[in-house]
Amino acid sequence: MYGAWTPDQIRAAEQKLFARTPEPQVMRRAAYAVAVHTARLLDESSGSVAGRHATLLVGAGNNGGDALWAGAFLRRRGVGVTAVLLSPDKAHPAGLAALRRAGGRVVEAGGPSADTAGIGAEAADAVERADVVVDGIVGLSARGGLRPTAAELVRRVTAPVVAVDLPSGVDPLTGAVDGAAVSAEVTVTFGGHRPCHVLGAGVVHSRPVEVADIGLDDFLGDPELYLLEDAEVGACWPVPSASDDKYSQGVVGIAAGSATYPGAAVLAGGAAVQATSGMVRYAGPAADVVRAHWPEVVATGSVTDAGRVQAWAVGPGIGTGGSGREVLRHVLEAGVPVCADADSITLLAEDPTLWDARDPDAPLVLTPHAGEFARLAGEVGADRVSAVREVAARFDAVVLLKGNTTVVAAPDGRVLVNSARQSWPATAGSGDVLTGLIGALLAAGIDPWAACGFASLVHSRAALLAATGGADADAVGAPIGASALLASVPDAIRAVRAEAL
Ligand SMILES: NC(=O)C1=CN([C@@H]2O[C@H](COP(=O)(O)OP(=O)(O)OC[C@H]3O[C@@H](n4cnc5c(N)ncnc54)[C@H](O)[C@@H]3O)[C@@H](O)[C@H]2O)[C@@H](O)CC1
Ligand SMILES: Nc1ncnc2c1ncn2[C@@H]1O[C@H](COP(=O)(O)OP(=O)(O)O)[C@@H](O)[C@H]1O
Ligand SMILES: [K+]
């Protein structure tokens with residue numbers, strides 16, 4: 001796992017760092033990393049470095065300072081550099097002096113020659129002829145979307161962009177984009193990820209985020225967020241060993257589906273079958289349909305006569321009427337880890353007495369999408385991490401909020417996120433597959449918080465594989481259904497296990 005730290009956590013760590021290393025030296029280390037990645041992007045996109053042109057968009061603070069120093073370093077590589085100052089009187093003085101000493105040009109964003117959009121002729125020309133643009137408009141202290149002049153300049157950019165610390169216009173904490181924002185080929189950040197690098201919907205995390213070491217590691221402390229890596233999911237994914245049999249790996253019960261929605265039971269049951277080698281029991285009215293698709297599932301007509309399981313997954317397609325409620329109550333009383341999804345969440349929101357059925361010692365996982373979350377606890381809001389963390393503590397449950405970026409909070413406050421990096425999983429029945437994966441991992445004895453993270457990562461990998469045939473989030477794909485996603489689960493598990501070798 002690697003971490004993401006909030007702006008406040010970063011600033012606190014930086015203050016400790018500055019007691020050991022002077023701030024200007026730290027900035028130069030940060031800026032040097034920006035220069036290295038900018039030169040690499042120049043080389044990749046225009047075939048050479050020397051003789052090319054870099055345009056810096058420079059804001060009022062240290063983010064702009066990084067860009068100016070990076071420009072000075074790029075000058076040493078023979079790159080033509082022009083800094084466009086958005087706030088000429090506030091641009092980082094030392095960075096500006098360094099760029100000038102290195103032979104860089106400095107122009108104002110507006111100035112007397114400004115056109116109707118407020119852009120001066122020199123600035124417009126600098127953006128126009130750039131082979132690469134360095135976004136040093138705003139970073140850790142960003143508030144809201146880009147302001148008009150910055151937004152207009154960014155709109156005119158056609159060259160590839162390197163974002164300093166984070167793409168300007170993105171909220172550093174929530175990743176929310178309110179108005180215009182930079183879309184960067186590469187983001188170079190310092191010391192550790194910020195939450196916006198993994199929470200933004202398609203703005204930031206589909207591009208590589210390079211983390212430069214500026215000596216911050218010793219001062220960072222526990223991160224706000226954890227991010228899973230393929231290799232660790234692969235290393236932890238349960239597979240049978242010589243001493244195993246179908247019971248020892250954990251038996252999961254799937255209480256899903258109804259006469260109206262048998263498909264949910266087939267998808268959730270199939271996901272459980274393909275996730276691990278333990279046994280899968282199904283209990284509900286769709287037993288015949290489930291057996292027809294998955295003969296290895298031990299199916300019964302009702303949860304009351306289902307055999308022993310080590311975990312239950314309950315909810316998809318059970319309906320929100322009396323029968324669904326009794327199924328949920330029975331499962332909650334079973335005293336084993338439960339993944340409650342879909343209609344279960346609606347039932348719990350509508351009938352608080354159902355919480356009393358819960359065995360206090362048995363872990364509970366809730367997997368709402370935004371609508372189900374709102375029924376349970378009100379609208380999520382922009383800060384999805386805080387909202388999920390609060391609800392997990394309130395209900396003493398692991399809460400997985402589904403979406404382009406899935407947020408998983410444990411009752412103790414730990415939060416992990418998994419960004420799908422693309423949107424292929426957004427298809428009907430996709431959540432049923434996720435529930436089956438989680439249920440199987442719970443039955444295998446995986447920690448519920450980790451189980452949600454592992455399942456979410458494999459789920460989004462399976463969607464990508466099914467849609468594009470590969471693992472590249474930017475690859476050309478075609479829309480998939482949940483059945484195709486489900487069929488790619490084994491390939492996704494193989495892919496993450498191969499990374500662990
Ligand atoms: N403190 C340090 O020495 C270091 C800081 N670092 C850099 O410093 C940056 C943080 O610098 P600052 O705290 O000075 O602030 P920023 O450079 O992020 O922002 C500068 C100013 O821009 C204005 N602003 C806020 N939102 C805006 C928006 N939407 N559009 C336009 N302007 C906006 C604010 O007045 C803010 O003070 C980091 O992102 C990183 O790039 C790194 O170099 C590491 C070392
Ligand atoms: N825009 C999106 N991009 C990526 N993944 C998404 C997006 N929207 C939803 N998902 C994922 O797809 C699945 C949808 O689950 P859910 O909403 O329960 O669908 P259903 O109820 O139809 O099964 C979840 O895993 C969710 O994280
Ligand atoms: K920036």
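Order of listing sets the numbers, starting from 1, for every ligand and every atom in it.
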A.B. asks: Taking side chain as C-beta onward, heavy atoms only, is Asp230 less than 4.5 Å from Leu457?
C.D. replies: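 The answer is yes, as the side chains (C-beta and beyond) meet within the 4.5 Å cut-off.
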A.B. asks: Taking all non-hydrogen atoms of both residues into account, name the closest pair between Arg461 and Ala492 and its distance.
C.D. replies: CB-CB, 4.0 Å
A.B. asks: With a 4.0 Å heavy-atom cut-off, what residues sit around ligand 2?
C.D. replies: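 Lining ligand 2: His369, Lys402, Gly403, Asn404, Thr406, Ala420, Gln422, Ser423, Pro425, Ala426, Thr427, Ala428, Gly429, Ser430, Gly431, Asp432, Leu434, His459.
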A.B. asks: So for atom CG, which belongs to Asp472, do other residues, nucleotides or ligands contribute more than 12 heavy atoms lying within a distance under 6.0 Å?
C.D. replies: yes
A.B. asks: Just say parallel, tilted or perpendicular for the rings of Tyr32 and Phe73, cut-offs at 30° and 60°.
C.D. replies: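 Perpendicular: the ring planes of Tyr32 and Phe73 meet at over 60°.
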A.B. asks: Any Lys/Arg nitrogen of Lys402 or Asp341 sitting under 4.0 Å from an Asp/Glu carboxylate oxygen of the other?
C.D. replies: yes
A.B. asks: At a heavy-atom distance under 4.0 Å, which protein residues reach ligand 1? Sort them by chain and number, would you?
C.D. replies: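 Under the 4.0 Å cut-off, ligand 1 touches Glu14, Phe18, Glu23, Val26, Ala30, Gly61, Asn62, Asn63, Asp66, Val138, Gly139, Leu140, Ser141, Ala142, Arg143, Gly144, Gly145, Arg147, Val164, Asp165, Phe190, Ile214.
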A.B. asks: In degrees, rounded to 10 degrees, what angle do Asn63 atom OD1 and Val164 atom O make at the K ion (ligand 3)?
C.D. replies: 80°
A.B. asks: Heavy-atom distance under 4.5 Å between the side chains of Arg11 and Asp8, does that happen here?
C.D. replies: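 Side-chain contact under 4.5 Å: yes.
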A.B. asks: Hey, what's the ring geometry for Tyr226 with Trp449, parallel, tilted or perpendicular (30° and 60° as the breaks)?
C.D. replies: perpendicular
A.B. asks: With the K ion (ligand 3) at the apex, how many degrees lie between OG of Ser168 and O of Val138, rounded to 10 degrees?
C.D. replies: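 Answer comes to 70°, rounded to 10°.
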A.B. asks: With a cut-off of 3.4 Å, does Leu166 place any N/O/S atom under that distance from the K ion (ligand 3)?
C.D. replies: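 Yes, since at least one N, O or S atom of Leu166 sits under 3.4 Å from the K ion (ligand 3).
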A.B. asks: Does Asp165 bring an N, O or S atom to under 3.4 Å of the K ion (ligand 3)?
C.D. replies: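 Under 3.4 Å: Asp165 has no N, O or S contact with the K ion (ligand 3).
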A.B. asks: Are any non-hydrogen side-chain atoms of Tyr2 and Val211 less than 4.5 angstrom apart?
C.D. replies: no
A.B. asks: Do the side-chain N and O atoms of Asp131 and Ser45 include a donor-acceptor pair separated by under 3.5 angstrom?
C.D. replies: no
A.B. asks: May I ask you to test the Ile318-Leu347 pair for a side-chain heavy-atom distance under 4.5 Å?
C.D. replies: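 Answer yes - side chains close enough.
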A.B. asks: What are the two closest non-hydrogen atoms of Pro425 and His459, and how far apart are they?
C.D. replies: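 In terms of heavy atoms, the two residues are closest at CB-CE1, 3.9 Å.
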